*Asks:* 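Okay, here's the structure, questions in a sec.
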Amino acid sequence: MKNLLDFTKDELGEFVKPAFRAKQIYEWIYKKNVDSFDEMLNLPKDLRQDLSQNFYFDPLKVVKSEKSKDGSIKYLFALKDGKTIESVLLPMKDEERADDGKIVSHARYTVCVSSQVGCKMGCSFCLTAKGGFVRNLTAGEIVEQVHFIKKINKIPYERRVNIVYMGMGEPLNNLENVAKAIKIFTDNDGLAISPRRQTVSTSGLSSQIKKLGEMNLGVLLAISLHAVNDELRQELMPINKAYNIASIMDAIREFPSDMRKRVMFEYLMMHSVNDSLKDAKTLVKLLHGIKAKVNLIYFNPHEGSIYKRPLKENMEKFRDFLQSKSVTCTIRESKGIDISAACGQLKERSENKI
């Protein structure tokens, strides 16, 4: 059987005739959140039977979830083949109501999705690397992470969420399926999530950054930098042997200008590793000529890690220096510290009983 969520609406229209049935199916799944083909009442009965014999649209099952006191929820999902992946719902802004009870502003959410089972990158600070790489996720397995999380948390269809491809795996190592998922997310008859609400985060695969730019998908780009010199970055991220910092910066500068309105640089701060003012000064030089935003992230300690959480004062000094040099910089608020928030942590704890 095929995962129906792997298909764009046009592709689905090649299987079901007349083609307008594809739009109806999309609406039933993504807008009305039905659980079976039998609920798709405006489809002919014989078509529903045929669909149920050839397709499914429930590729994920919840194995475990943990909710933080800050509202973040981490999910461990099982796939049809029994492999597991993680996804996270991050509340970014609470709903606000006036004295009369009317909603002044709606709650805002970000969903962090995985693109692979495991990861090839082998970053020394990441638990996902411990399990190695297993396989790429299909487009439908990526899409269902967002669809399921919206559904189970009763986030109304019209409330758009932001999507970050920052979970397990390297998105640009699975570019074909990630690109397809982006198109499915964007479809107005589906979840209708603008590409400007979708951020693809990469450890810096220069050649793939160029391919992503050529696809002209309209998504935002984030670079997991984490170090300002090749020696340290290679220690933290072995991929730097193949794609050094200079090659990454060159690829970003070649990224289409209409898509380069804001390139995000993720910088994971680790105590006494990459949190000095000297590092900050070098980072400013690296970013010269690039319209960038730097996100400073507190390292989230996990079992067996040799790295430590940075001091708040060092984070602030780093940020203040960048801002003094006209580099947009923010400190990302830590979420989920009281749960298995580090990437790969819930999976590792669940499967190895840590």
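The structure presented is a predicted model; accordingly, all values stated were derived computationally and were not measured.
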*Asks:* Taking side chain to side chain contact (heavy atoms under 4.5 Å, CB included) as the test, write out the residues that go with N42, two or more places apart.
*Replies:*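 With sequence neighbours excluded, N42 shows a side chain to side chain contact (heavy atoms under 4.5 Å, CB included) to Q24, W28, given in chain and number order.
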
*Asks:* Less than 4.5 Å apart, any side-chain heavy atom of L221 and any of L212?
*Replies:*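 L221 reaches L212 side chain to side chain.
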
*Asks:* Treating Ile, Leu, Val, Met, Phe, Trp and Tyr as nodes and any side-chain heavy-atom pair under 4.5 angstrom as an edge, say whether L5 and Y56 lie in one connected cluster.
*Replies:*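 In one cluster with L5: Y56, no.
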
*Asks:* Can you hop from I306 to L268 via hydrophobic side chains spaced under 4.5 Å?
*Replies:*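 Yes, it is one cluster - the side chains of I306 and L268 are joined through contacts under 4.5 Å.
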
*Asks:* Tell me whether the count of non-hydrogen atoms from other residues, nucleotides or ligands lying under 6.0 Å of NZ in K80 goes above 12.
*Replies:*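 Atom NZ in K80 is crowded, with more than 12 foreign heavy atoms closer than 6.0 Å.
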
*Asks:* Residues in ring pair (Phe, Tyr, Trp, His ring centres under 6.0 Å) with F77, at least two apart?
*Replies:*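 Applying ring pair (Phe, Tyr, Trp, His ring centres under 6.0 Å) to F77 gives Y75, F148.
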
*Asks:* Determine the sole option in E39, K150, H147, K154 for which the side chain to side chain donor-acceptor pair (under 3.5 Å) test with N33 is passed.
*Replies:*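 Result for side chain to side chain donor-acceptor pair (under 3.5 Å) with N33: H147.
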
*Asks:* Please list, chain by chain and in numerical order, all residues satisfying side chain to side chain contact (heavy atoms under 4.5 Å, CB included) with Y109, sequence neighbours excluded.
*Replies:*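 Partners of Y109 under the side chain to side chain contact (heavy atoms under 4.5 Å, CB included) test: L89, P91, A107, I155, V161.
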
*Asks:* With F133, which residues qualify under ring pair (Phe, Tyr, Trp, His ring centres under 6.0 Å), at least two apart?
*Replies:*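 Applying ring pair (Phe, Tyr, Trp, His ring centres under 6.0 Å) to F133 gives none.
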
*Asks:* For K17, does the NZ atom sit with more than 12 other heavy atoms under 6.0 Å from it, leaving out its own atoms?
*Replies:*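 Buried by this count: over 12 neighbours within 6.0 Å.
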
*Asks:* Looking at K325, I'd like to know if its NZ atom is crowded, meaning that more than 12 non-hydrogen atoms belonging to other residues, nucleotides or ligands lie closer than 6.0 Å.
*Replies:*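 Result for NZ/K325: open.
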
*Asks:* For the residue pair A179 and L217, what are the closest heavy atoms and their distance?
*Replies:*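 Taking A179 first and L217 second, the nearest heavy atoms are CB-CD1, 3.8 Å.
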
*Asks:* Distance from D250 atom CG to S206 atom OG, nearest 0.5 Å?
*Replies:*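 These two atoms lie 8.0 Å from each other.
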
*Asks:* With D10, which residues qualify under side chain to side chain contact (heavy atoms under 4.5 Å, CB included), at least two apart?
*Replies:*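 Listed in chain order: T8.
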
*Asks:* Would you please name every residue forming a ring pair (Phe, Tyr, Trp, His ring centres under 6.0 Å) with F7, sequence neighbours left out?
*Replies:*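 Only F15, F55 meet the ring pair (Phe, Tyr, Trp, His ring centres under 6.0 Å) criterion with F7.
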
*Asks:* Is it the case that more than 12 heavy atoms not belonging to K32 sit under 6.0 Å from its NZ atom?
*Replies:*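 Result for NZ/K32: enclosed.
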
*Asks:* Please determine whether the number of non-hydrogen atoms from other residues, nucleotides or ligands lying under 6.0 Å from atom CD of E176 exceeds 12.
*Replies:*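 Incorrect, the count does not exceed 12.
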
*Asks:* I need the I331 CD1 to L296 CG distance, nearest 0.5 Å.
*Replies:*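 Rounded to the nearest 0.5 Å, the CD1-CG separation comes out at 6.0 Å.
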
*Asks:* On the six-membered ring of Y30, is K151 placed so that its NZ or CZ lies under 6.0 angstrom from the centre and within 45° of the ring axis?
*Replies:*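 Because its charged atom misses either the 6.0 Å distance or the 45° angle limit, K151 does not stack over Y30.
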
*Asks:* Are side-chain heavy atoms of I85 and Q145 found at a separation under 4.5 Å?
*Replies:*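 The answer is yes; the side chains approach within 4.5 Å.
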
*Asks:* Do K210 and E254 sit within salt-bridge range, that is, some charged N less than 4.0 Å from a carboxylate O?
*Replies:*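 Salt bridge flag = yes for E254 with K210.
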
*Asks:* For the residue pair P59 and G140, what are the closest heavy atoms and their distance?
*Replies:*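 In this case the closest contact between P59 and G140 is CG-O, 4.2 Å.
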
*Asks:* Is it the case that over 12 heavy atoms from other parts of the model lie below 6.0 angstrom from the CD atom of E231?
*Replies:*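 For E231, atom CD is not crowded (no more than 12 foreign heavy atoms under 6.0 Å).
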
*Asks:* Using the side chain to side chain contact (heavy atoms under 4.5 Å, CB included) criterion, which residues pair with E14? Sequence neighbours excluded.
*Replies:*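 Expected list: none.
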
*Asks:* Determine whether V62 and L76 make a side-chain contact, defined as any pair of heavy atoms from C-beta on separated by less than 4.5 Å.
*Replies:*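 Contact flag for V62/L76 side chains = no.
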
*Asks:* Determine, for D6 against K180, whether the closest basic-nitrogen to carboxylate-oxygen distance falls under 4.0 angstrom.
*Replies:*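 No salt bridge links D6 with K180.
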
*Asks:* Taking the six-membered ring for Trp and the single ring otherwise, decide whether the centroids of Y307 and H271 are under 6.0 Å apart.
*Replies:*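 No - the distance between ring centres of Y307 and H271 does not fall below the 6.0 Å cut-off.
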
*Asks:* Could you tell me whether K74 and E86 make a salt bridge, using a distance below 4.0 angstrom between a side-chain N and a carboxylate O?
*Replies:*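 The answer is yes: the pair qualifies as a salt bridge.
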
*Asks:* Near K281 NZ, under 6.0 Å, is it more than 12 heavy atoms from other residues, nucleotides or ligands?
*Replies:*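 12 or below, so no.
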
*Asks:* Looking at E266 and R332, is there a salt bridge between them, counting it only when a charged N and a carboxylate O are closer than 4.0 Å?
*Replies:*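 Looking at R332 and E266, the cut-off is met.
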
*Asks:* With a 4.0 Å cut-off, would you call R48 and D38 a salt bridge?
*Replies:*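 A salt bridge is absent here (no side-chain N lies under 4.0 Å from a carboxylate O).
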
*Asks:* State, with a plain yes or no, whether a side-chain heavy atom of Q116 is found less than 4.5 Å away from one of E170.
*Replies:*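 Result yes, sub-4.5 Å side-chain heavy-atom pair found.
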
*Asks:* With sequence neighbours excluded, give me every salt bridge (charged side-chain N to carboxylate O under 4.0 Å, His left out) pair touching residues 131-140.
*Replies:*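 For residues 131-140, and leaving out neighbouring residues, the salt bridge (charged side-chain N to carboxylate O under 4.0 Å, His left out) pairs sorted by first residue read D81-R135, R135-E141.
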
*Asks:* Do any side-chain atoms of residues 313-324 form donor-acceptor pairs under 3.5 angstrom with protein atoms, and if so which ones, sequence neighbours left out?
*Replies:*
{"unit_1": "Q323", "atom_1": "NE2", "unit_2": "C329", "atom_2": "O", "d": "2.9"}
{"unit_1": "S324", "atom_1": "OG", "unit_2": "F321", "atom_2": "O", "d": "2.5"}

*Asks:* Which distance, rounded to the nearest 0.5 Å, do you find between the CG of L90 and the OG of S72?
*Replies:*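 Answer for the CG-OG pair, L90 versus S72, is 5.0 Å.
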
*Asks:* Is it the case that one hydrophobic cluster holds both Y157 and I193, taking links as side-chain heavy atoms less than 4.5 Å apart, direct or via other members?
*Replies:*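 Y157 and I193: separate clusters.
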
*Asks:* Do T282 and D279 have a side chain donor and acceptor closer than 3.5 Å?
*Replies:*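 Not at all, the side chains of T282 and D279 share no donor-acceptor pair under 3.5 Å.
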
*Asks:* Using 0.5 Å steps for rounding, measure from the NZ atom of K308 to the CG atom of D275.
*Replies:*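 The distance works out to 12.0 Å.
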
*Asks:* If you compare all heavy atoms of S65 against all heavy atoms of I73, which two are closest, and at what distance to 0.1 Å?
*Replies:*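 Where S65 meets I73 most closely, the heavy atoms are CB-CG2, 4.4 Å.
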
*Asks:* Count I, L, V, M, F, W, Y as connected when their side-chain heavy atoms are under 4.5 Å apart, and connections chain through other members. Are Y165 and M264 then in the same cluster?
*Replies:*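 Each belongs to a different hydrophobic cluster.
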
*Asks:* Testing the 3.5 Å rule here: is there a donor-acceptor pair between the side chains of T330 and N295?
*Replies:*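 Yes, side-chain donor-acceptor contact under 3.5 Å.
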
*Asks:* Would you check if the side chain of D230 reaches a backbone N or O of N244 as a donor-acceptor pair within less than 3.5 Å?
*Replies:*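 Not confirmed, D230 side chain does not pair with N244 backbone.
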
*Asks:* How would you list all residue pairs meeting ring-ring contact (aromatic ring centres under 6.0 Å, His included) that involve residues 189-243, not counting sequence neighbours?
*Replies:*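 Sorted pair list: F125-H226.
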
*Asks:* Rounded to the nearest 0.5 Å, how far apart are CG of L12 and CG of D189?
*Replies:*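 It is 11.5 Å, given to the nearest 0.5 Å.
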
*Asks:* State the NZ-NZ distance between K9 and K23, to the nearest 0.5 angstrom.
*Replies:*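 Here the interatomic distance stands at 6.5 Å.
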
*Asks:* Measuring only between side-chain heavy atoms, which start at C-beta, is L225 closer than 4.5 Å to L283?
*Replies:*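 A side-chain contact under 4.5 Å exists here.
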
*Asks:* Once ring pair (Phe, Tyr, Trp, His ring centres under 6.0 Å) is applied, do any residues pair with F37, and if so which ones, sequence neighbours excluded?
*Replies:*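 Testing F37 for ring pair (Phe, Tyr, Trp, His ring centres under 6.0 Å), a comparison that skips the adjacent residues, returns F57.
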
*Asks:* Is there a path of hydrophobic side-chain contacts, each under 4.5 Å between heavy atoms of I, L, V, M, F, W or Y residues, that connects M215 with V263?
*Replies:*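 Linked, M215 and V263 end up in one cluster.
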
*Asks:* Scan for ring-ring contact (aromatic ring centres under 6.0 Å, His included) pairs involving residues 178-218, sequence neighbours excluded, and state none if there are none.
*Replies:*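 As it turns out, there is no ring-ring contact (aromatic ring centres under 6.0 Å, His included) pair with a partner in residues 178-218 once direct neighbours are skipped.
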
*Asks:* A cation-pi test, strictly: NZ or CZ of R309 under 6.0 Å from the centre of the six-membered ring of Y298 and no more than 45 degrees from its axis. Yes or no?
*Replies:*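 Satisfied, under 6.0 Å and within 45°.
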
